[in-house]
Amino acid sequence: RAFIRRLTGLSRLANFPAETSLPSFCGDDGLASIASLVAQRAPVPAPASRKLCDLGTGEQMEVLAFRAAAGRVECFEKIVQRLSFELQQMETGVSDVRVMHPACGEATFVVTLLSRAEAERFGAELKPRMLAALQPVSDGGQPLYANCGSLMPQAHSLGSLLTTLKERLAGVHCVAEHDVRGIGREIARWFPRPEEYAPYVSVDPADPRAYTRNVMLSTPEMEVLLMCWPAGARSTIHCHDESSCWVCAVEGEVHEVQFDLPLLDKKFERQAREDPRGNITGKCGPLRAVQVRSLGCGVADATGDIPGKQTYANNEIGIHRIENRSGHPAITMHVYAPRLRRMKIFRDTGDVAVVTVTSDEGDATVEKVGDWDSGEILDVASWNAH
């Protein structure tokens, strides 16, 4: 408990109703001991159906490489020239055509089609004609290489996503300045790999049924948390103070319940004016749920968005609660900008209180990050500088 209290400042909840609880934070010094608890109490199975290319546009590529047979180079070149001309005139169902010509007597055709259905039509109608035209003049009478498959998406690793979020949210200090849709698209491009986020998966040693909040990246301007939801776990109903909040499903399924912001009593309003950073409690009006959304299963559409995969909230939109209604663990990623330090918590009983969710004592300008690595192989910045 001392570990949890030190990281979250839960001691400020002393005057709030006894049932009040907040999930624990997991710092770097707690990961080793937490890891064994996770393995024993909350194993999270790797998803079976998630595929990297689900994040892409759905385009399919057909690649065919040929080499001229001995003594047939001139005839081979004439046929390749004609095929290249005709392929690049294709419009229906095609998004791109490229022909690589590394040397006389060699050619590689790369045709990109809009969908699997269009790729199947190409394979049934046009590919046989290409093969038949080149068969008499090609080495071995067949392609040197032939393959087809999905166009690889430009998908984030955990490291590249955190680096991008840090860059895009730097110098942005208020909700009105956030590119909500742009940040959402960056998050939608993340392909979560369990080995990347496993170090942040934890359970609360004091209450394995409670959800946990685990810091992956924290700066004064933003914070990224991985939240782990045991079966049946749910958060309190809460606001987001002066922050934007993006929520992305990583594993399993959770539900977001949105509420209208209720009226607050005069006692609460007076305390907020007199002591804005104090331990404020009071009463609120009835909590009215206005929307319930399932987060967890979705495939990217042509714009890169993933319906059902993520949501966004701020105080102008309303307040919300996250619930794991399933019988299985779930994991979500939350991006707060600026970093969420305080928030109001609401109860169905009509109680409301302001609580501290991160400590800002002594670290207001110190960046804290988890054990992640951008993993860059190519020095792209150096290349682009020329």
Side-chain angles (χ1 to χ4, degrees), residues 17 19-26 37-38 40-50 54 184 187-188 190 192 194 197-198 200-214 224-240 245-262 284 286-300 305-314 317-336 340 343-352 355 357:
E19 71 272 19
T20 299
S21 64
L22 281 177
S24 64
F25 279 81
C26 179
L37 288 169
V38 174
Q40 297 170 20
R41 304 186 189 184
V44 180
S49 60
R50 184 179 59 201
D54 287 343
I187 295 170
W190 178 39
Y197 59 79
Y200 309 101
V201 176
S202 72
V203 297
D204 185 341
D207 184 2
R209 297 170 299 178
Y211 76 101
T212 60
R213 301 161 54 100
N214 310 288
V224 183
L225 305 180
L226 194 75
M227 297 196 186
C228 304
W229 306 86
R234 67 179 190 174
S235 72
T236 57
I237 301 171
H238 59 277
C239 77
H240 295 94
C245 172
W246 292 265
V247 182
C248 169
V250 177
E251 286 191 14
E253 181 184 23
V254 297
H255 284 77
E256 179 202 32
V257 184
Q258 288 187 355
F259 300 82
D260 282 331
L261 188 65
C284 67
L287 295 167
R288 296 185 175 89
V290 294
Q291 180 174 298
V292 179
R293 295 188 60 197
S294 171
L295 304 175
C297 51
V299 177
D305 292 334
I306 302 186
K309 189 74 173 178
Q310 63 173 276
T311 188
Y312 171 81
N314 62 39
I317 294 174
I319 58 180
H320 74 178
R321 174 169 63 203
I322 303 296
E323 305 174 351
N324 182 0
R325 299 180 176 181
S326 74
H328 306 282
I331 299 176
T332 54
M333 183 183 70
H334 299 240
V335 179
Y336 299 101
L340 185 63
M343 65 183 181
K344 300 182 187 74
I345 286 182
F346 303 84
R347 298 288 184 185
D348 292 324
T349 57
D351 296 300
V352 60
V355 299
V357 292

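In this text the structure is predicted, and so the values were computed from the model without any measurement.
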Determine whether Val292 and Glu323 make a side-chain contact, defined as any pair of heavy atoms from C-beta on separated by less than 4.5 Å. no
Within-4.5 Å side-chain heavy-atom neighbours: Leu295 and Val247: yes
Considering all heavy atoms of both residues, which atom of Asn324 and which atom of His328 are nearest to each other, and what is their separation? ND2-O, 2.8 Å
Sequence neighbours left out, what passes salt bridge (charged side-chain N to carboxylate O under 4.0 Å, His left out) with Arg288? Give chain and number order. none
Check whether any side-chain heavy atom of Arg293 sits under 4.5 Å from a side-chain heavy atom of Val254, and report yes or no. no
Smallest separation among heavy atoms of Pro230 and Pro208, with atom names: CG-O, 3.3 Å
Hey, are the side chains of Trp190 and Pro192 touching, using non-hydrogen atoms and a 4.5 Å cut-off? yes
Using 0.5 Å steps for rounding, measure from the CG atom of Asn314 to the OH atom of Tyr336. 13.0 Å
So how far is it from Ser202 OG to Met227 CE, rounded to the nearest 0.5 Å? 11.0 Å
Using a 4.5 Å cut-off on heavy atoms from C-beta on, say whether the side chain of Leu226 contacts that of Ile331. yes
For Trp229, all residues meeting side chain to side chain donor-acceptor pair (under 3.5 Å), sequence neighbours excluded: Thr332
For His240, what residues pass the ring-ring contact (aromatic ring centres under 6.0 Å, His included) criterion, not counting sequence neighbours? His238, His320
Ignoring hydrogens and angles, state whether a donor on the side chain of Asp204 or Thr212 is under 3.5 Å from an acceptor on the partner side chain. no
State the CD-CH2 distance between Gln310 and Trp246, to the nearest 0.5 angstrom. 10.0 Å
Among all residues two or more places apart in sequence or in another chain, which pass the side chain to side chain donor-acceptor pair (under 3.5 Å) test with Ser235? none
Does any donor atom in the side chain of Ser326 or Glu253 lie under 3.5 Å from an acceptor atom in the other side chain? no
Could you check whether any side-chain heavy atom of Asn214 comes within less than 4.5 Å of a side-chain heavy atom of Cys228, counting everything from C-beta outward? yes
Looking at side-chain heavy atoms only, is the closest gap between Val224 and Met333 below 4.5 Å? yes
Taking all heavy atoms of Ala231 and all of Gly327, pick out the closest pair and write down the distance. CB-C, 3.5 Å
With sequence neighbours left out, what residues match Ile237 under side-chain contact (heavy atoms from CB on, under 4.5 Å)? Phe259, Leu287, Ile319, Arg321, Phe346, Asp348
Please identify each residue that fulfils side chain to side chain donor-acceptor pair (under 3.5 Å) with His255, with sequence neighbours left out. none
